[in-house]
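Below, read A as the first sequence line, B as the second, and so on, with proteins coming before strands; counting in each chain starts at 1. In what follows, every heavy atom counts, from backbone to side chain, and hydrogens, waters and symmetry copies are set aside.
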Amino acid sequence: MALWLYNSLGRKKEPFVPRQPGQVGIYVCGITAYDYCHIGHARVMVSFDVLVRHLRATGLKVTHVCNFTDIDDKIIRRALQEGVAITDLTTRFIAAFHADMAALGVNRADIEPKATEHLPEMCAMIQTLIDKGLAYESGGDVFYAVDRFPAYGQLSGKHLEELESGARVEVDGRKRNPLDFVLWKGAKPDEPQWSSPWGAGRPGWHIECSAMGVKYLGESFDLHGGGRDLIFPHHENEIAQTEGATGHSWVTCWLHNGFVNVVDDEGRREKMSKSLDNFRTIRDLLTAWRGETIRMFLLNSHYRAPLDFSLDLLDAARAGLDRLYVALRGAQAVLKELPAAGPVDWEHERQERPEGHAVRFREAMEDDLNTPRALAVLFDLARVINRLSTDETTDPEGLRVHVRLLRGLGAILGLCGSAPESHFQFRPEEAGQSEQSGLSDGEVEALIAQRSEARRNRDFQSADRIRKALAEAGIVLEDTKEHTSWRREA
RNA sequence: GGCCGGGUGGCGAAGUGGCCUAACGCAGAGGUCUGCAAAACCUUCAUUCGUGGGUUCAAAUCCCACCCCGGCCUCCA
């Protein structure tokens, strides 16, 4: 078994071989901290979170780095607008990022470097580039001379001549070549600034990822990822900077996920983005859907394919996730206690059940993280579990084994880790629905107790009246022989 | 204009030469179970894969042309 990943550099799937056996370094381009995150950000973070989980589940030791851009034009502008200090603004949105990601079940990266804390590293790299003749000072700024780096364009498949002819790049007299990009921006009055050999100023955007990637993962490492829109110019420039400075190859495999699109009422679709102002923030959606539902929605399509976002699809994802939790809840009723998600013993699974769920799941994941296929395996498992839970002749051990597997495989996708009750009893907070979902858990339980009493007395009229009332409040009941469980429906 | 993705059932989405008369989920239909429901389970739901050619014993999968959707080429995940 081997993991195959689609490498944007070369545009084909390749078997993934860590540079150092058993160890992986991965750098993911994080956010610019000036606003709340939307589904597009969620997709990046969830995709790479799943990749890291998978690498770890297959026995690799992973160092996961995800940076924060905490100084940049947009941040400065936004801080000015809001009349707050830049660090207050970035601190606030970094905290919001952490909260949103926690809700989505995204694990924290091992290292979360901030640009403003790595000025010396960036300056050192810029100086190296100047010394090597790859960068030059001009009018207080420092620029990278793209035509001094022959491999420029290798990642994005762009050729310098074409870029120049197509040029939407604004003319800047200080640049030798219009495509040269800034490494160091000279300070304007009233802007945050750091001292440097080239005068006071601040770093360009691209240099931070080069400097911090090298610092934490080395001059060569395995994986570097982000959204497709970063391929050019951001990642192209990162390569030029880093390989220009070190003189050798930097990242083995570049990974990029597809966009989240928004479809409007006329059926037109476009990329969800900050600049188009057509985004839905994660925290907005979290008022009506569990984070795990959003995760399910994202994982139901392949990470590289374009993905249309809609509320209906979120509902469908919720229904699918319900199915997995129904299976867990049914098993819980039989087993009394739900087995925890232990690590999957791949060797054992391969020998005992070569066609089994675990093997099929892993094969799907190893095919460039085919999460839709991996999810299909989870659904197959849920069916098996449902059958075992309903069949009274079943021995509990077989059921336990399958439940443990569902939770173990689910954990690699970051799913199925909650208690079934907390999934089903999640309460949306959306303002307009407050009346509908006004019943507290305790009130629901009390009404169910009344209904159970009525049913025991075979007073089905009263029982059905209560059930109907609950249904109108968005509560659905499910009777088993000895117990009534309930869930909230959107 | 250059480059990059995508077009598969009512919806979402896998599948990239034979196991595909197309996985899986949602929605729908019938049945079993149930006091009745719900859930579950069983059955059913694309002879067809944007269009037109071609290659092949064999194509959703390869080749050619065309049409449509989205993106990058400027900040963007």
| field | Pairs involving residues 30-42 of chain A, ordered by first then second residue, that meet side-chain hydrogen bond (donor to acceptor under 3.5 Å, both in side chains) (sequence neighbours left out) | value | none

Set out, line by line, the N/O atom pairs under 3.5 Å between protein and nucleotides 18-20 of chain B.
none

| said: Determine whether a donor-acceptor pair (N or O, by modelled atom type, separation under 3.5 Å) exists between the side chain of A:Ser418 and the backbone of A:His423. | reply: no

| Which residues share a salt bridge (Lys or Arg N to Asp or Glu O under 4.0 Å) with A:Glu453, sequence neighbours left out | A:Arg456

| Pairs flagged by salt bridge (charged side-chain N to carboxylate O under 4.0 Å, His left out) wherever residues 38-51 of chain A is involved - sequence neighbours left out | A:Asp49-A:Arg53, A:Asp49-A:Arg295

Polar atom pairs between nucleotides 37-40 of chain B and protein, under 3.5 Å, N or O only, would you list them?
unit_1, atom_1, unit_2, atom_2, d
B:rA37, N1, A:Asp479, N, 3.3
B:rA37, N1, A:Asp479, OD2, 3.2
B:rA37, N3, A:Arg467, NH1, 3.0
B:rA38, N1, A:Asp479, O, 3.3
B:rA40, OP1, A:Arg323, NH1, 3.3
B:rA40, O3', A:Asn386, ND2, 3.1

| said: Holding to salt bridge (Lys or Arg N to Asp or Glu O under 4.0 Å), I want the full list of residues that pass it with A:Asp308, two or more places apart in sequence or in another chain. | reply: A:Arg269

| field | Under the side-chain contact (heavy atoms from CB on, under 4.5 Å) test, residues paired with A:Pro233 that sit two or more places apart | value | A:His206, A:Asn237

| request: For residues 297-306 of chain A, pull every pair meeting salt bridge (charged side-chain N to carboxylate O under 4.0 Å, His left out), keeping only residues two or more places apart or in separate chains. | output: A:Arg304-A:Asp368

| query | Hey, can you pull the residues of residues 37-48 of chain A with a non-hydrogen atom under 4.0 angstrom from RNA chain B? | reply | A:His38, A:Gly40, A:His41, A:Val44

Set out, line by line, the N/O atom pairs under 3.5 Å between protein and nucleotides 4-14 of chain B.
unit_1, atom_1, unit_2, atom_2, d
B:rC4, O2', A:Arg228, NH2, 2.5
B:rG5, OP1, A:Tyr6, OH, 3.4
B:rA14, OP1, A:His302, N, 2.9
B:rA14, O3', A:Asn370, ND2, 2.9

| task | Round to a whole Å and report the spacing from OH of A:Tyr36 to C1' of B:rC76. | result | 20 Å

| task | Could you list the residues that satisfy salt bridge (Lys or Arg N to Asp or Glu O under 4.0 Å) with A:Glu478, not counting sequence neighbours? | result | A:Arg329, A:Arg487

| query | In which stems does RNA chain B show up, taking only runs of three or more Watson-Crick or G-U wobble pairs whose two distances fall under 3.5 Å? | reply | B:1-7 with B:67-73, B:10-12 with B:24-26, B:28-32 with B:40-44, B:50-54 with B:62-66

